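First up is the structure itself, then whatever we jot down about it.
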Amino acid sequence: MAEPSRLVSGGSADTLPPGELRRVCSEPPVTIYNVDGAFYATDDWCSHDKASLAEGWLEGHTIECPWHMAKFCVRTGKALTAPARVDIRTFPVRVENGELFVDLGAAA
Ligand code: FES
C-alpha cells in the first residue's frame, strides 16, 4: 500500500536557479536539485557514510558526495560510483505558486 502524501516546503523555486541545489531540513533531510529548470529531490544523506549531498557538487544529473566522491544520479537515486554501493531514494517535487514541495511519502 502506498504511503500517504507528506509534503514539505522546499522554499522558493525562484531562488534555486539551474545548476544549484538546496538542503531541506525535513525528517529525513532531502536535497533539491535544479537541472536545466527541472527539479529533483533525493535523500540528503549519502548512502556510504551520511555526508550531506547538499554540500557536494552537481554536474548535469549527477551529484558527487563531498566526502569520498561517490556519485549518484539525481533522477533515479542510483549509486554510480564507489565507494557507494547502495542507491539513495528519490522524491517527487512539484511547484505551486512559485514554491517547491517535496512529497516525503512518495519515495522511490
Ligand atoms: S560519505 Fe559519501 S562517498 Fe563516503
Side-chain angles (χ1 to χ4, degrees):
M1 189 165 97
E3 283 193 42
S5 179
R6 197 157 67 91
L7 293 178
V8 294
S9 172
S12 167
D14 285 348
T15 56
L16 190 64
E20 296 292 320
L21 59 164
R22 172 187 296 152
R23 185 175 200 263
V24 178
C25 296
S26 49
E27 184 54 49
V30 294
T31 297
I32 302 175
Y33 312 86
N34 182 336
V35 181
D36 298 330
F39 295 99
Y40 303 92
T42 70
D43 280 314
D44 179 57
W45 287 330
C46 177
S47 63
H48 176 240
D49 200 13
K50 280 199 167 181
S52 171
L53 293 175
E55 295 174 13
W57 301 277
L58 180 64
E59 188 171 330
H61 290 93
T62 301
I63 181 67
E64 183 173 353
C65 177
W67 284 7
H68 312 107
M69 316 318 181
K71 294 180 180 177
F72 299 89
C73 175
V74 302
R75 284 185 290 202
T76 64
K78 186 165 182 48
L80 301 173
T81 64
R85 303 199 185 290
V86 176
D87 298 344
I88 55 176
R89 294 176 299 175
T90 60
F91 303 87
V93 182
R94 66 180 190 231
V95 183
E96 284 181 20
N97 298 320
E99 185 171 355
L100 296 163
F101 289 94
V102 180
D103 190 348
L104 298 179

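In this text, all values refer to a predicted model and were calculated from it rather than measured experimentally. Quick note: numbers below take in every heavy atom, side chains included, and nothing from hydrogens, waters or symmetry partners. In listed order, ligands and their atoms are each counted from 1.
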Extract all donor-acceptor atom pairs below 3.5 Å that involve side chains of residues 54-78 and protein atoms in other chains or at least two apart in sequence.
residue : atom : partner : partner atom : Å
His61   : NE2  : Tyr40   : OH           : 3.4
His68   : ND1  : His48   : ND1          : 3.1
Thr76   : OG1  : Lys78   : N            : 3.2

Which atom names give the shortest non-hydrogen contact between Leu21 and Leu53, and what distance separates them?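 Heavy atoms only, the tightest pair is CD1-O, 3.5 Å.
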
Can you see which heavy atom on Ile32 is nearest to which on Gly10, and at what distance?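 Minimum heavy-atom separation between Ile32 and Gly10: CD1-CA, 3.7 Å.
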
Nearest 0.5 Å please: distance from the CZ atom of Arg6 over to the CZ atom of Phe101.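 So the gap between those two atoms works out to 15.0 Å.
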
Atoms of protein origin (N, O or S) under 2.8 Å from atom 2 (Fe) of ligand 1: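 For atom 2 (Fe) of ligand 1, the protein N, O and S atoms that sit under 2.8 Å away are Cys46 SG, Cys65 SG.
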
Donor-acceptor pair, Asp103 side chain versus Ser5 backbone, under 3.5 Å?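 Looks like no, no N/O pair under 3.5 Å.
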
Min side-chain heavy-atom separation Ser26-Leu104 under 4.5 Å: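 Side chain of Ser26 against side chain of Leu104, heavy atoms only: contact under 4.5 Å found.
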
